[in-house]
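All remarks here apply to the structure that follows.
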Amino acid sequence: MNHLVAPSMLSADFSNLQKDIEMVNRSDADWFHLDVMDGVFVPNISFGIPVVEAIAKYAKKPLDVHLMIVEPVKYVDAFYKAGAAVINVHYEACLHLHSTIQKIKSLGVKAGVTLNPHTPVSSLEEIVEDLDLVMLMSVNPGFGGQKFIENTIDKTRRLKELISRKNSRALIEIDGGVNFETGKRLLDAGADVLVAGSFVFGANDPVDTIAKLKTL
Ligand code: DX5
Ligand code: ZN
């Protein structure tokens, strides 16, 4: 499979979101990555349901919603109605991960589980077969523009091994500190989806940067 690229709108211009949405629409990007933060699960607050709804109005590509919130199961329906095509919940935020995943799947959208940097891949032994996607945080969640955590390369390999061993069809998505250099190494290690925020929106030519991320 050719890998996917999902620009993170956390680094977009919030005073002119439509302009950045249209840039992503005309680029080679595959998904919009939308970071929802509640100020409790992570030490930052970003945006919620109304902004996801507003982005959905103009976005011509699937919305990959990354929920950095406590008890995400309570809001799965609302984000589905807002237009999510992928819902990523954190392993660390779900007391009943299995039922949360069943709930997401019952809505007909892709179900993903995200692991914080300290959470081992082996935590997913009993559930990986049910997942459409596993996302590894390669920075601590909460902010864009942080330094890539090197251990993620080996962790990606371990996740790939778990996915093959369990005959799971889950895609491997990586979030944080992705650029041409880390992106290439992550793809070699088995990543399928690269999220990139500051590297795309901080570039002189974001469309060209996305095109280059697509051809790594
Ligand atoms: C961090 C978010 C990321 C963030 C990545 O909590 O989940 O999606 O936007 O930003 P960069 O690509 O700048 O590390
Ligand atoms: Zn994210």
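Counting starts at 1 for both ligands and their atoms, in listed order.
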Discussion item. For the Zn ion (ligand 2), give me the closest N/O/S atom belonging to His66, just the atom name.
Written reply: ND1

Worksheet item: Does an N or O from Asn140, backbone or side chain, lie closer than 3.5 Å to an N or O of ligand 1?
Response: no

Discussion item. If the cut-off is 4.0 Å to any non-hydrogen atom of Gly176, which atoms of ligand 1 fall inside it?
Written reply: 14 (O)

Worksheet item: Among protein heavy atoms, which sits nearest to atom 13 (O) of ligand 1, and what does the distance come to when rounded to 0.1 Å?
Response: Ser198 OG, 2.5 Å

Worksheet item: To the nearest 0.1 Å, how far is atom 9 (O) of ligand 1 from its closest protein heavy atom, and which atom is that?
Response: Ser8 OG, 2.8 Å

Worksheet entry | Atom of Asp175 nearest the Zn ion (ligand 2) (restricted to N/O/S, atom name only) | OD2

Worksheet item: Any N/O of Gly197 closer than 3.5 Å to an N/O of ligand 1?
Response: yes

Worksheet entry | Pair Glu53 + Lys57, salt bridge at N-O below 4.0 Å | no

Item to complete: Taking only Lys NZ, Arg NE, NH1 and NH2, and the carboxylate oxygens of Asp or Glu, determine whether Asp154 and Arg157 approach each other closer than 4.0 Å.
Response: yes

Discussion item. If you apply the rule side chain to side chain contact (heavy atoms under 4.5 Å, CB included), what do you find for Ser11 with Val200, and how did you get there?
Written reply: CA-CA 8 Å; Ser11 291; Val200 165; over 6 Å; no

Response to the item:
The atom name of the N, O or S atom in Asp35 nearest to the Zn ion (ligand 2) is OD1

Worksheet item: Where is the tightest heavy-atom contact between Pro62 and Asp30, given as atom of each residue plus distance?
Response: CD-O, 3.4 Å

Worksheet item: Is there a path from Leu136 to Leu186 through hydrophobic residues (I, L, V, M, F, W, Y) whose side chains come within less than 4.5 Å of each other?
Response: yes

Response to the item:
Per-atom filter on ligand 1: closer than 4.0 angstrom to a heavy atom of Leu10 are 9 (O)

Worksheet item: Which of the atoms of ligand 1 are close to His33, meaning less than 4.0 Å from one of its heavy atoms?
Response: 8 (O)

Response to the item:
A student checking ligand 1 against Met137 at a 4.0 Å heavy-atom cut-off should list atoms 7 (O)

Discussion item. For atom 14 (O) of ligand 1, what is the closest protein heavy atom, and at what distance to 0.1 Å?
Written reply: Gly177 N, 2.8 Å

Response to the item:
CZ of Phe199 to CG of Leu213, rounded to nearest 0.5 Å, is 6.0 Å

Worksheet item: With a 3.5 Å cut-off and no angle check, do the side chains of His66 and Asp64 form a donor-acceptor pair?
Response: no

Worksheet item: Say you draw a straight line from OH of Tyr58 to CG of Asn25; how long is it, rounded to the nearest 0.5 Å?
Response: 11.5 Å

Worksheet item: Would you say the side-chain atoms of Asp175 and Ser8 include a donor-acceptor pair closer than 3.5 Å?
Response: no

Worksheet item: Can you list the ligand 1 atoms lying under 4.0 Å from a non-hydrogen atom of Ala196?
Response: 12 (O)

Item to complete: Starting from atom 2 (C) of ligand 1, locate the nearest protein heavy atom and write down its residue, its atom name and how far away it is, to 0.1 Å.
Response: Asp35 OD1, 3.4 Å

Worksheet item: Is Gly145 in polar range of ligand 1, meaning some N or O pair under 3.5 Å apart?
Response: yes

Worksheet item: Can any side-chain N or O of Lys155 pair as donor or acceptor with the backbone N or O of Pro117 at less than 3.5 Å?
Response: yes

Worksheet item: Which of the atoms of ligand 1 are close to Met68, meaning less than 4.0 Å from one of its heavy atoms?
Response: 6 (O), 7 (O)

Worksheet item: Would Met37 end up clustered with Val70 when hydrophobic side chains under 4.5 Å apart are linked, directly or stepwise?
Response: yes

Item to complete: May I ask you to identify the nearest protein heavy atom to atom 6 (O) of ligand 1, giving residue, atom name and distance to one decimal place in Å?
Response: Gly142 N, 2.7 Å

Worksheet entry | Heavy-atom gap Phe199 to ligand 1 smaller than 4.0 Å | no

Practice prompt. State the atoms of ligand 1, each with its element, that fall below the 4.0 Å cut-off from a heavy-atom position in His66.
Written response: 7 (O)

Worksheet, complete the sentence: ligand 1 atoms nearer than 4.0 angstrom to some heavy atom of Pro141 are 6 (O)

Worksheet item: For His3, does its backbone N or O pair with a side-chain atom of Lys214 as donor and acceptor, under 3.5 Å?
Response: yes

Discussion item. Can you give me the closest heavy-atom contact between Ala6 and His33, atom names plus distance?
Written reply: O-CB, 3.8 Å

Practice prompt. List the closest protein heavy-atom neighbour of atom 10 (O) of ligand 1: residue, atom name, distance to the nearest 0.1 Å.
Written response: Gly144 CA, 3.5 Å

Worksheet item: Which residue supplies the protein heavy atom nearest to atom 5 (C) of ligand 1, what is that atom called, and how far is it?
Response: Asp175 OD1, 3.6 Å

Worksheet item: So among Arg26, Lys19, Gln18, which one has a side-chain hydrogen bond (donor to acceptor under 3.5 Å, both in side chains) with Glu22?
Response: Gln18

Discussion item. Give me the nearest non-hydrogen protein atom to atom 1 (C) of ligand 1 as residue plus atom name, then the distance to 0.1 Å.
Written reply: Phe143 O, 3.5 Å

